[in-house]
Amino acid sequence: MNEPMNEELQQAICDLPKAELHLHFEGAAPPAFIRGMAQEKNIDIAKIFNEDGSYAYQGFEHFLSVYEAATSVLKTPEDFARLTRAVLEETATQNVIYAETFLSPDFCGGGDVAAWREYLQAIEEEAARCESEMGITLKGVITCIRHFGPEKAKAVALCAAETQGDFIRGFGMAGAEDMGKQSDFAYSFDMAREAELHLTSHACEWRGPSEARDAIMDLGVERIGHGVRAIQDSSVVDLMLERDITLEVCPGSNVFLGVYPHLKNHPIQAFRDAGVKVTVSTDDPPFFHTTMNKEFQDLVQVFGWGIEDLNEMTRNALNAAFCDETTRDTLMKRLPE
Ligand code: ADE
Ligand code: ZN
């Protein structure tokens, strides 16, 4: 057992400005928000909640289906604007100054570009209001969903290509890693690259190192979502170094979902020792009972990191952020020296 952390250090960690690159938009929805929406619309999703009000699921596949059930109560652009505020209010409590969120047109108009534009406008306008009220900058990474298949991904990539701009900065892939191959989605990633979007893909959360190699070689990603299992193959770690890949590491998610039995078994420090750039994010915070403050506190407790290690995570995140250079420079100035 680790000693409890003294209050001064806890407060110092809470006070640090933070940045996270890997935050699923609907996965960040507070359960009370989703329950409220369901009540308003008379939709019965009681079975996705525990008695204490938290999300109820067992294992990754079930998590994905509960995620989709929760998302199903969000119907209109206005609902997604309200979600934007709910997510940013939570995220801002962690002193997060910059977040990138995965947005899925599959859940917002079913991949139709005209419908997607309406959802996007509602999300972007609310994010701008939140930025001026709370000092948190949000950017979007449009994400296809692997288990929905390559054809649906093409429609999503078109939505991304058509709405690339100041807010939509990247294209990525989430979903069940055991379905198909990274290269099945090459057409969509090529379309996104041609539209000058930055690229990331979930890989090596569940499958072995070849998934990260494929995401790098077949899709041309700059970042990898998770990437943690690549630690098992030094040639893939070398490839990450050679291509200057940044990992979007979500330690609490990996432990909660059972990728690792305990944080002490997690390879985040091993990647740092190998010279790979890592960042820290929460993935789907209420689903995994985590926050950025908790992630940072746990890393200090388990790996003996200090404040400077945590600030390095934030600098890495801003350096690998898909935002424009002016935004990056402005945010960097808000970090401690
Ligand atoms: N969608 C939401 N969270 C995810 C995760 N951890 N892995 C893959 N797809 C996801
Ligand atoms: Zn994820």
Side-chain angles (χ1 to χ4, degrees), residues 19-31 34 48 54-72 74 83 87 91 99-108 139-149 152-153 156 170-182 184-185 188 198-208 211-212 214-215 219 221 223-230 245-260 266 268 278-292 295 317 320 322:
E20 66 173 323
L21 302 180
H22 191 119
L23 182 68
H24 296 265
F25 193 43
E26 301 84 5
I34 293 292
I48 72 163
S54 60
Y55 292 115
Y57 60 90
Q58 275 174 333
F60 182 63
E61 267 177 45
H62 191 207
F63 155 72
L64 288 177
S65 73
V66 167
Y67 184 116
E68 284 162 29
T71 302
S72 72
L74 302 163
L83 175 64
V87 169
T91 310
E100 282 177 18
T101 193
F102 295 128
L103 298 168
S104 302
D106 284 304
F107 301 135
C108 304
K139 300 287 179 193
V141 176
I142 292 194
T143 310
C144 66
I145 298 183
R146 187 161 169 166
H147 55 274
F148 293 173
K152 287 231 157 103
V156 171
F171 180 73
M173 179 161 67
E177 198 178 340
D178 61 351
M179 306 283 274
K181 305 189 293 294
Q182 298 275 346
D184 297 341
F185 299 84
S188 295
H198 294 280
L199 303 176
T200 177
S201 182
H202 281 61
C204 294
E205 181 187 15
W206 299 104
R207 278 188 174 170
E211 278 286 324
D214 294 349
L219 303 183
V221 298
R223 299 193 324 224
I224 291 180
H226 300 285
V228 287
R229 287 186 183 235
I245 303 292
T246 295
L247 300 185
E248 302 155 10
V249 182
C250 308
S253 157
N254 294 152
V255 173
F256 199 86
L257 286 174
V259 179
Y260 297 99
H266 194 283
I268 188 164
V278 299
T279 60
V280 173
S281 296
T282 55
D283 209 5
D284 307 277
F287 282 90
F288 307 139
H289 301 271
T290 191
T291 61
M292 279 301 285
E295 295 290 336
F322 290 162

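Residue indices begin at 1 and follow the sequence shown. Just so you know, ligand 1 is whichever comes first in the structure, and atom 1 is the first atom listed for that ligand.
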Number the atoms of ligand 1 from 1 as they appear, then name those within less than 4.0 Å of a heavy atom of Tyr67, with their elements.
2 (C)
Kindly confirm or rule out an N or O of Phe63 lying under 3.5 angstrom from an N or O of ligand 1.
no
Do ligand 1 and Ser253 have nitrogen or oxygen atoms that lie under 3.5 Å from each other?
no
Is it true that Ser104 and Glu26 share a donor-acceptor pair across their side chains at a distance under 3.5 Å?
no
Could you check whether any side-chain heavy atom of Phe171 comes within less than 4.5 Å of a side-chain heavy atom of Cys144, counting everything from C-beta outward?
yes
Quick one: does any side-chain atom of Glu205 pair with a main-chain N or O of Glu177 as donor and acceptor, under 3.5 Å?
no
So, do Tyr57 and Ile48 sit near enough that their side-chain heavy atoms are less than 4.5 Å apart?
no
So, does His22 use its side chain to make a donor-acceptor pair with the main chain of Asp283 at under 3.5 Å?
no
Assess whether a salt bridge exists between Glu211 and Arg146, defined as any Lys/Arg side-chain N lying under 4.0 Å from an Asp/Glu carboxylate O.
yes
Have a look at the Zn ion (ligand 2) and estimate, to 10 degrees, the angle subtended by NE2 (His24) and NE2 (His202).
100°
Is it true that the side chains of His198 and Glu100 contain a donor and an acceptor less than 3.5 Å apart?
no
Distance-only N or O hit between ligand 1 and Glu205, under 3.5 Å
yes
Identify the protein heavy atom lying closest to atom 9 (N) of ligand 1, giving its residue, its atom name and the separation to 0.1 Å.
Gly175 N, 2.9 Å
Which atoms of ligand 1 are found less than 4.0 Å from any heavy atom of Asp284?
2 (C), 3 (N), 4 (C)
Specify the protein heavy atom at minimum distance from atom 6 (N) of ligand 1: its residue, its atom name, and the distance to 0.1 Å.
Asp283 OD2, 2.8 Å
Just jot down the ligand 1 atoms closer than 4.0 angstrom to any heavy atom of Ala174, in number order.
9 (N)
Any idea which atoms of ligand 1 are less than 4.0 Å away from a heavy-atom of His226?
6 (N)
Regarding Glu295 and Thr282, is there a side-chain donor-to-acceptor distance under 3.5 Å anywhere?
no
Is the shortest side-chain heavy-atom distance between Phe107 and Ile145 below 4.5 Å?
yes
Please verify whether a non-hydrogen atom of Phe287 lies at under 4.0 Å from ligand 1.
no
To the nearest 0.1 Å, how far is atom 4 (C) of ligand 1 from its closest protein heavy atom, and which atom is that?
His24 NE2, 3.6 Å
With rounding to 10 degrees, what does the angle His22:NE2 / the Zn ion (ligand 2) / Asp283:OD1 come to?
90°
